[in-house]
Engineer: 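Encoded as structure tokens, here's the structure I'll be asking about.
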Amino acid sequence: MSNAKKGPFLLTNTLTRRKEEFVPLRPPHVGLYVCGPTVYSDVHLGNVRSFLTFDVLFRWLTFLGYKVRYVRNITDVGHLTGDVDEGEDKIAKRARLEQLEPMEIVQKYTNGFHDVMRLFNILPPSIEPTATGHLIEQIAMVERILAAGHAYVVNGSVYFDVPGYAARHAYGELSGRRTDELLANTRDTEGMGEKRSPLDFALWKKAEPSHLMKWPSPWGDGFPGWHLECSAMSTKYLGTTFDIHGGGMDLKFPHHECEIAQSVAADGVPPVRYWMHGNMLTVNGRKMAKSEGNGFTPQELLTGDHKLLDKGYSAMTVRFFMLQCHYAGTLDFSNAALQAGEKGLERLEKAMALLPKLKPGDTDEADIDALEQRCHAAMNDDLNTPVLIAELFEAVRIINSVNDGRLRLTAAALDRLRGLMHAMVRQVLGLREETTVTAGGDGALDALVQEFIRLRAEAKARKDFATGDAIRDRLAAIGIVLKDTKEGTTWERA
RNA sequence: GGUCACGUGGCCGAGUGGCUAGGCAGAGGUCUGCAAAACCUCGUACAGCGGUUCGACUCCGCUCGUGACCUCCA
């Protein structure tokens with residue numbers, strides 16, 4: 001394996017609550033499944049953080065040389081609001097509210113989701129399956145669970161028998177729950193409806209004749225339960241047992257617990273070897289969620305048009321801001337933190353821009369190999385992006401020092417440094433260069449500013465600093481900042 | 001109530017049983033006609049109370065505080 005030199009990759013397995021060395025089942029292949037969005041509304045920034053976490057995982061595994069099959073689903077049916085028995089399908093509800101066909105809702109918000117992923121430079125998965133595209137697989141899985149005696153049919157619906165399953169298998173292992181405690185804490189003992197136990201969950205739900213989203217099944221017309229699709233599709237594309245399953249912390253229970261139960265019941269083996277859970281984005285200490293009303297969309301973020309935002313922030317600023325925190329911890333949103341991130345990213349990008357211009361020296365006064373090893377070590381330690389970024393700022397110092405002629409690096413070392421920075425910043429962290437409007441961005445504007453720069457240079461040449469400073473100050477007042485460097489004067493927008 | 005996290009300097013956020021995280025902001029300096037940028041230097045922080053230890057911010061216990069999950073949620 002090509003990562004032999006890069007050291008073992010440790011990641012926190014939330015099933016064992018330990019940091020473990022990642023060893024794939026069938027190297028060099030890695031099977032990765034991540035719970036995707038339910039496409040019934042716009043994604044907000046909290047959702048983005050989760051997909052970003054697994055984007056970095058995908059990128060790092062790829063960097064290590066693995067051939068990753070990354071499956072991230074689109075939930076387009078079966079996700080109910082509220083209680084499993086009383087709730088309405090989220091997509092059907094939205095379709096009713098917007099007076100659209102359910103599949104129009106699905107298409108609309110799937111498109112929106114993809115736009116957001118592109119905006120934040122989150123790579124597309126290898127396979128993006130939809131629940132409605134895998135009805136046959138889901139029905140087959142329900143039949144296997146029924147055959148194993150872990151489910152029962154009531155009036156056209158099929159429910160998973162949790163107490164029965166728990167008697168023979170470990171249920172609650174992932175989330176640290178026990179069925180007796182769950183039962184004791186069940187809030188609503190009424191409304192159980194057809195279920196034998198409040199812990200049971202729907203595998204297949206009977207649909208009323210008026211229901212738009214329904215399909216034929218051995219139990220009559222209906223639709224699949226929410227937890228089922230992930231099990232059916234991960235099994236289809238990654239096998240009955242695969243390497244890594246990821247999702248947000250809030251999916252741990254019941255969603256992922258139910259996935260494990262379904263797979264064990266249907267196929268007899270635990271589905272996942274490493275479970276990974278990303279933590280939440282909070283606002284003033286509270287989870288960003290639609291129900292809290294504290295979420296905002298990427299569009300609002302870019303324009304700054306939201307009461308929580310002092311100003312707009314670029315997508316890469318937000319990406320950088322999020323990567324400065326470890327994925328397993330909560331990250332609190334604040335304007336001050338975002339602005340700090342904006343400045344930091346600017347410093348990093350300035351150094352990146354200097355990289356091609358650096359001139360080689362005759363000796364090496366910085367150890368690029370050691371720096372590279374520390375970068376790899378940071379990522380191998382449970383995707384520690386904040387530590388990687390700290391190392392990258394060490395590189396920034398080196399780059400600036402070489403540029404200033406304070407530090408020397410040979411041509412070979414410079415090549416290593418360029419390769420390292422490109423790999424870490426662009427490939428691994430996925431920080432895309434954002435086009436800033438500077439010289440060249442707008443021909444007419446640039447020509448105009450160049451004319452002022454020339455006037456100012458003439459003033460300076462005859463020691464008329466008052467005029468020179470006036471030109472600079474007045475341009476600054478309209479947002480054009482001039483900077484004198486050894487190579488002449490450059491300008492950029494404030 | 002149950003389960004599980006977390007509490008780090010002005011802010012955001014890593015980490016470790018004894019050795020500078022990093023970014024932003026701030027102070028001083030170098031450079032520059034002056035700025036800006038860059039570089040150098042600086043703050044000696046780890047909720048509280050006990051315990052283990054030669055030594056704890058790091059391990060254990062308790063207290064206080066915050067949050068997540070237990071119902072849809074990335």
Side-chain angles (χ1 to χ4, degrees), chain A residues 14 17 34-38 40-41 43-54 79-84 86-88 90 172 175-178 180-182 184-188 226 246-255 277-282 285-292 295 320-321 324-326 328-345 347-348 350-351 354 378 381 384-394 396-397 399-401 403-407 460 463-466 468-469 472-473 476 481-486 489-490 492:
Chain A
T14 43
R17 296 175 185 79
V34 172
C35 289
T38 301
Y40 73 103
S41 66
V43 293
H44 64 239
L45 213 56
N47 303 307
V48 170
R49 157 120 118 134
S50 184
F51 297 118
L52 172 62
T53 293
F54 299 107
H79 206 157
L80 305 182
T81 61
D83 181 80
V84 170
E86 307 303 316
E88 183 178 6
K90 288 186 171 187
S175 55
R177 271 158 237 267
R178 293 186 301 160
D180 52 345
E181 282 171 355
L182 284 168
N185 291 316
T186 301
R187 289 178 188 174
D188 190 10
W226 173 40
M249 288 276 281
D250 47 2
L251 294 179
K252 220 168 165 183
F253 188 90
H255 185 57
H277 290 94
N279 217 133
M280 301 291 107
L281 180 69
T282 61
R286 300 209 162 259
K287 175 182 171 182
M288 182 178 282
K290 283 161 193 162
S291 55
E292 293 268 353
F320 181 78
F321 159 72
Q324 275 188 297
C325 166
H326 186 76
T330 55
L331 172 61
D332 198 54
F333 167 90
S334 74
N335 280 282
L338 226 30
Q339 275 160 35
E342 187 173 53
K343 289 283 185 64
L345 178 61
R347 204 160 104 82
L348 181 62
K350 273 184 188 165
L354 283 176
D381 185 15
N384 200 329
T385 53
V387 169
L388 171 61
I389 289 172
E391 297 298 347
L392 293 178
F393 277 107
E394 178 58 32
V396 166
R397 197 165 292 119
I399 291 166
N400 286 328
S401 294
N403 184 55
D404 288 352
R406 287 191 189 84
L407 194 74
K460 282 168 66 179
K463 301 271 187 238
D464 180 6
F465 296 119
D469 290 352
R472 184 173 61 198
D473 292 346
V481 179
L482 301 188
K483 288 178 184 175
D484 298 333
T485 71
K486 281 180 289 187
T489 302
T490 62
E492 62 187 48

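Only a predicted model underlies this, so the values are computations on that prediction, with no experimental measurement involved.
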Engineer: Rounding to an integer number of Å, can you tell me how far A:K252 NZ sits from B:U71 P?
Structural biologist: 16 Å

Engineer: Can you tell me if the side-chain N/O atoms of A:R347 get under 4.0 Å from OP1 or OP2 in B:A36?
Structural biologist: no

Engineer: Quick one: does A:D484 reach the base of B:C34 with a side-chain donor-acceptor pair under 3.5 Å?
Structural biologist: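 Indeed there is one.
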
Engineer: Would you please enumerate the stems RNA chain B participates in, each stem being three or more consecutive Watson-Crick or G-U wobble pairs with both distances under 3.5 Å?
Structural biologist: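 B:1-7 with B:64-70, B:10-12 with B:22-24, B:26-30 with B:38-42, B:47-51 with B:59-63 - these are the stems of 3 or more pairs that involve RNA chain B.
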
Engineer: If the cut-off is 4.0 Å, is A:N400 near the phosphate of B:C39, judged by side-chain N/O to OP1 or OP2?
Structural biologist: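 Affirmative; the distance criterion is met.
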
Engineer: Could you state the atom-to-atom distance from CZ of A:R177 to C1' of B:G1 in whole Å?
Structural biologist: 14 Å

Engineer: Could you label the plane-to-plane angle of the A:F333 and A:F321 rings as parallel, tilted or perpendicular, counting under 30° as parallel and over 60° as perpendicular?
Structural biologist: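 Answer is perpendicular, since the angle exceeds 60°.
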
Engineer: Would you say the side chain of A:D469 and the base of B:G33 hold a donor-acceptor pair, judged only by whether the two atoms sit under 3.5 Å apart?
Structural biologist: yes

Engineer: Take atom C1' in B:C42 and the same atom in B:C49, then report the distance between them in whole Å.
Structural biologist: 33 Å

Engineer: Name the nucleic acid region contacted by A:K463, choosing base, sugar-phosphate or nothing; use a 4.0 angstrom heavy-atom cut-off, strictly under.
Structural biologist: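 No contact at all - A:K463 keeps every heavy atom at 4.0 Å or more from the nucleic acid.
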
Engineer: Base, sugar-phosphate, or nothing for A:D473, non-hydrogen atoms under 4.0 angstrom?
Structural biologist: nothing

Engineer: On a whole-Å scale, what distance lies between the P atoms belonging to B:C19 and B:G28?
Structural biologist: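 These two P atoms come out 31 Å apart once rounded.
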
Engineer: Taking atom types as they are modelled, is there a donor-acceptor pair under 3.5 Å from the base of B:A74 to the side chain of A:R49?
Structural biologist: no

Engineer: Select from A:C325 and A:N279 the residue whose nearest nucleotide in RNA chain B is closer to the 5' end of that strand.
Structural biologist: A:C325

Engineer: Rounded to whole angstroms, how far apart are CZ on A:R397 and P on B:A37?
Structural biologist: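 Going from A:R397 (CZ) to B:A37 (P), I get 16 Å.
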
Engineer: Does a nitrogen or oxygen in the side chain of A:K350 sit under 4.0 Å from OP1 or OP2 of B:A38?
Structural biologist: no

Engineer: Counting any heavy atom closer than 4.0 Å, what does A:F393 reach on the DNA or RNA strands: base, sugar-phosphate only, or nothing?
Structural biologist: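 Since only primed, P, OP1 and OP2 atoms lie under 4.0 Å of A:F393, the category is sugar-phosphate.
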
Engineer: Which whole number of Å gives the distance between the C1' atom of B:U8 and that of B:G65?
Structural biologist: 15 Å

Engineer: Looking at B:G67, I'd like to know if its phosphate oxygens (OP1 or OP2) sit under 4.0 Å from a side-chain N or O belonging to A:R286.
Structural biologist: yes

Engineer: Would you mind telling me which residue lines up with the more 5' stretch of RNA chain B, A:S401 or A:A337, judged by nearest nucleotide?
Structural biologist: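 Between the two, 5'-proximity favours A:A337.
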
